[in-house]
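Presented below is the structure to which this report refers.
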Amino acid sequence: MKNSFFTKMAWRNIQSNGKLYMPYVISAVLSVALFQMMASLMTNDFVRQRSVTLPTLFGMGTVVIGLFSLIFIFYINSFLMKRRKKEVGLYSVLGLEKRHVANILIIESLILSGASIFVGILTGIVFGRLNFLILNYLLRLPDAMSYSTSWKMTGITVLLFTGIFTLTLIYNIIQVTLSNPIRLLKGSKEGEKEPKSSPILFVIGLLSLGAGYYISLTIDNPISVLNQFFVAVLLVIIGTYLLFTAGSIIVLKALKRNKVFYYKPGPFISISGMLYRMKQHAAGLANISILSVMVIIAVSTTITLYAGTEETLENRFPEENNLTIRTDENMGSRELEETVNTIQDDLKSLSSNKGYKMTDQYFYRYTTLFGKLKDKEIVFGNFNFTSDAPTMVMIIPLEDYNQLSNKSIELNDHELLYHKSDEKLKGDTLTLFETTYDLREINQMPENLIGSNNIVDTLLLVTPDNSTLDTFLNHHNNAFPQRPNSLTADIYWSLKDDQTDEAYSGLIQERLREADYPVETAYESRDANRAEWYSINGGFLFIGIFLGGLFTIGAILITYYKQISEGYEDRNRIQIMQKVGLDKKTTKQATKAQVFWMFSLPIFTAAIHTAFAYPIVQKLLVLFNIYNNKLFLGITVGVVLIYSLIYWIIYRVTTKKYLNIVE
Amino acid sequence: MTFMEVKHLKKIYTSKLGSKGTEALKDVNFSVEKGEFISVMGESGSGKTTLLNIISTLDNATEGEVYLDEQALSAIKDKKISKFRREQLGFVFQDFNLLDNFTLKDNILLPLVLSRKSVEEMEGALEPLVKRLNIEDLMNNYPYEVSGGQKQRAAVARALITRPKIILADEPTGALDSKSSQNLMEILSDVHQNGQTILMVTHSARAASYSSRVLFIRDGQVYHEIYRGDKEPDDFIDSISQSLLVSSKGSV
Ligand SMILES: Nc1ncnc2c1ncn2[C@@H]1O[C@H](COP(=O)(O)OP(=O)(O)O)[C@@H](O)[C@H]1O
Ligand SMILES: [Mg+2]
């Protein structure tokens, strides 16, 4: 037989089954477009400039979307095949050989997947640009974002989806050639076997979910948070899939065993209906849940970042101006103090000469060493930072500490104050450089020190006087002459009525260049950083909303497909039941109950996931200097509510479609 | 006692395009006594299914009326119609219409569940029935796990379980082999002996021979009827075949 015959045949099939293929093609097109946009973002210049970790995060997102696409396309394909088996069976009965049938399938698949990939990529290109345009317009960020289609990523998209479609084709051909025509003829009528409940998978799911939650709840070191975050995400995704697939069946079967409950019109219809198709639809529900969590987290964190920019600035810059002074290892703390005083006086007179009034001028001196805590002793030295991270030890003299924290603590020569954010030190003495000190704990870190110490757990030590600090430093530098450490001083000041502006910053910078201080200076102003931070955080916000949009489209897609396909599956059942006396009202009630569960389950799951993800995400935000939990909490709750509303609207619309099909 | 009356029933299917439409029933009249087992015979396309659908309230007549126990079916309100169907009528379809996601037991119980009967009541009604139909061992099987004959017996059980006033069957043997057909007809005959009124559509003379009266329908009208009376089954088949032969000649 000639190929043109098969082509004609395939083409006719597609046309006559338009109703069946349309949702399939729409879903496939959007999957391709989603993946293409996501992958393009990974290589987008705008994204790359935001942060080094973002492309990695997006890489992971792209992998996840790729996996989703695979699962999703198999899911919609199996639905399609089930409804087409009869027709294929008919071919065999009519005398087409199996390889002829395979030929038809191949040509059909070529047409469909070719069209899906082509239209999908077009959609991705157009949609990506359009989204960026709209978002740029809506957010009015300081610098506009540009979107570029990455041709490399587009190539990868084509390859991936060609692969996925080929896999489904192979699967279909195997299915068709392995089964006999009679079975195929019965095809869509033959019910799937009632799913078996598997408690083992359920338990594994519980454990996996529990482990993911546990990681999120117990994590405390933000530096290691990124790896653990991925692990937690993976565990939760696995757990969600398993719980939905195994758990739903166990629950439904238990409900079914309860005769008094089960043998009532509503539960009778909806439980049997749900159980019947849970196997395939559980995956869909799990997908929706996970996409929803992604939307919520992407959007709420980036909104928090943006809304918290001012707070970030205040944490990073406790005063409007700060000047960091670095010395070499030969300068002692007394000498440093004198230099600082000179500079301070200098800047003060400069300011007042130019009509600015300084307020809140203060400074502190410190040094930072890396050491290892061993019981009641700290050993300093060279460490392998990758395998076991050393403790960062920040040492500051009592004078400066008292000034920073507005206290008047007194210490004798063999006493040290300490603070450690993650745990208390064991015992009440500490030995360093072969001298043992008594320890007194500080409950609260001075605010100025929090900003710089949030990322790594730091041990803060306060020495009774300047000379102790110098001694420590000398000991250290004698022991490690090839890597000497030195003192640093941070000077802070603000101006009356927030006068600091570009002109003032320029003035200071000019002065610092001209005056030949015997130290290195680095000046920063909150004001000069503001625009930059808003631009960075605005960029994050932008990306977050873009991603949120993508994931929402994904969730809509699955919901839509689920409703349509369930509609077609349920129609026959409902019609039979109506023949034997099911009335419209009960139909509505039963389908509504069923639909309600299918609606609220993923949203409910997403909300719980979000709640458990909250601590871990909060810690991630700390990396960006956001400590305002109330802000984050409020925004998260708001985003969950708004997202639920959007999802509810989607559900209303698709449910209407479902009911139209069923009735 | 007249139990059901079909009066001047007319049905015209109009297509959406507004062409003349098909006249499936022209003027059908007959009545059914309580406890009768009536077969309706006729060629394919003669309007048998249409007639049955109107009697089962699945479709509306263009003109005319069906009375069951003096109740005009078209007067039943839409809201009550499902309840009426489920409590007064029992259905057996050619293609069984069992639900794949229910076990045979749940399929049979469906009408009772819809009527919100208690579990005890349901199980009480189920047991003797499925014993009689010899499918009691298949209660936990799904429809795709049993044979056609067994499916149809389950469908009969579903029709009988509400103790309906009348059983309506549309070619119940149509999808069955001859042995299963005979078995099913024996069951229906047995049900009839127990006082159940049955109206069955068929084109098989053998199946029709189990009934007490056969109506012949052609061009949307009942043009002939024969009673079984005291005839031996084989004789009755002969008379039915004869009538069919006459009818096909007559239609030429
Ligand atoms: N839903 C319908 N719409 C239009 N015409 C129909 C419809 N159902 C049946 N008909 C027509 O009505 C006539 C009687 O059909 P039917 O009652 O199914 O016959 P039977 O069951 O005796 O084979 C046929 O000509 C058929 O084409
Ligand atoms: Mg018919």
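The figures here come from the full heavy-atom set of this structure, side chains too, leaving out hydrogens, waters and symmetry mates.
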Chain A contact via Leu58(B) - which portion, at a heavy-atom distance below 4.5 Å
side chain
With a 4.5 angstrom heavy-atom cut-off, could you sort out which part of Leu98(B) is near chain A: side chain, backbone, both or neither?
backbone
Would you say Tyr171(A) has more than 12 foreign heavy atoms packed within less than 6.0 Å of its OH?
no
Is it the case that atom NZ in Lys83(B) sees more than 12 heavy atoms from other parts of the structure closer than 6.0 Å?
no
Please determine if Lys579(A) forms a cation-pi arrangement with Phe91(B), meaning its NZ or CZ atom is less than 6.0 Å from the six-membered ring centre and no more than 45° off the ring axis.
no
Please flag which part of Ile576(A) lies under 4.5 Å from any non-hydrogen atom of chain B: side chain, backbone, both or neither.
side chain
Has Gln193(B) got more than 12 heavy atoms of other residues, nucleotides or ligands less than 6.0 Å from its CD?
yes
Engaged part of Glu123(B) at the chain A interface, taking heavy atoms whose separation is under 4.5 Å
side chain
Walk me through whether Leu114(B) and Lys264(A) qualify under side-chain contact (heavy atoms from CB on, under 4.5 Å).
CA-CA 7 Å; Leu114(B) 294 177; Lys264(A) 297 241 164 53; over 6 Å; no
What part of Phe93(B) gets within 4.5 angstrom of chain A, counting heavy atoms only: side chain, backbone, both, or neither?
side chain
Within this structure, what is the CG-CG distance for the pair Asn572(A) and Asn97(B), rounded to the nearest 0.5 Å?
7.5 Å
Salt bridge flag under 4.0 Å for residues Arg86(B) and Asp583(A):
yes
Part of Leu99(B) lying under 4.5 Å from any heavy atom of chain A:
side chain
Counting heavy atoms not belonging to Gln71(B), are there more than 12 under 6.0 Å from its CD?
yes
Does the pair Val580(A) and Arg85(B) meet the rule for a side-chain contact (heavy atoms from CB on, under 4.5 Å), with working shown?
CA-CA 7 Å; Val580(A) 296; Arg85(B) 209 180 287 152; over 6 Å; no
For the pair Arg116(B) (side chain) and Tyr263(A) (backbone), establish whether a donor and an acceptor sit closer than 3.5 Å, ignoring hydrogens and angles.
no
Please evaluate residues Leu110(B) and Phe268(A) with respect to the criterion side-chain contact (heavy atoms from CB on, under 4.5 Å), reporting the C-alpha separation (whole Å), side-chain torsions for both, the decisive distance (0.1 Å), and the verdict.
CA-CA 8 Å; Leu110(B) 178 63; Phe268(A) 192 66; 3.4 Å; yes
